[in-house]
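Take a look at the structure set out below.
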Amino acid sequence: MNKASIPVLELLDESGVALPAQTISLNLDRVLSQGPSRTTVYRTLEPLEQHGLIEHVTGDSKHYVITDKGKQFLAGELRASDL
């Protein structure tokens, strides 16, 4: 988990749609005054997926959605130590 983890989860939760990494990065940059770099966002996705907080759906490129576990984490029902 890094500084981009929560913003990525929040964006996926609020959007309700599958988003590619580039779109996640672009939107975080637009929404946050000091958004994480594109590199940080890309590095964030794999650990979030490994912990089961997001998953990718197949297509021409990976698009990510938040999982129920990710929603529980955002709601404070799970702690980082539970992952």
Quick one: do [X] and [Y] end up in the same hydrophobic cluster if we chain Ile, Leu, Val, Met, Phe, Trp and Tyr together by side-chain heavy atoms under 4.5 Å apart?
{"X": "Tyr42", "Y": "Met1", "result": "no"}
{"X": "Val41", "Y": "Val65", "result": "no"}
{"X": "Ile54", "Y": "Leu78", "result": "yes"}
{"X": "Val31", "Y": "Leu26", "result": "no"}

Item to complete: Give a yes or no on this: more than 12 heavy atoms of other residues, nucleotides or ligands lie within 6.0 Å of atom CD of Gln22.
Response: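 Incorrect, the count does not exceed 12.
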Tell me the closest heavy-atom pair linking [X] and [Y], and the distance in Å.
{"X": "Phe73", "Y": "Arg79", "value": "CE1-C, 3.8 Å"}
{"X": "Leu45", "Y": "Ala21", "value": "CD1-CB, 3.4 Å"}
{"X": "Val57", "Y": "Ala18", "value": "CG2-CB, 3.9 Å"}
{"X": "Leu28", "Y": "Pro36", "value": "CD1-CG, 4.1 Å"}
{"X": "Ile66", "Y": "Leu9", "value": "CD1-O, 3.6 Å"}

Practice prompt. Can you spot which of Asp13, Leu53, Leu12 makes a side chain to side chain contact (heavy atoms under 4.5 Å, CB included) with Lys71?
Written response: Asp13
Measure the [atom1]-[atom2] distance between [X] and [Y] for me, rounded to the nearest 0.5 Å.
{"X": "Ser5", "Y": "Arg43", "atom1": "OG", "atom2": "CZ", "result": "13.5 Å"}
{"X": "Glu46", "Y": "His51", "atom1": "CD", "atom2": "NE2", "result": "10.5 Å"}
{"X": "Leu74", "Y": "Lys69", "atom1": "CG", "atom2": "NZ", "result": "13.5 Å"}

For the side chain of [X] and the backbone of [Y], is there at least one donor-acceptor N/O pair under 3.5 Å apart?
{"X": "Asp29", "Y": "Ser25", "answer": "no"}
{"X": "Thr23", "Y": "Leu19", "answer": "no"}
{"X": "Thr44", "Y": "Thr40", "answer": "yes"}

Fill in: Check: His56 and His63 side chains under 4.5 Å, non-hydrogen atoms
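Answer no - side chains too far apart.
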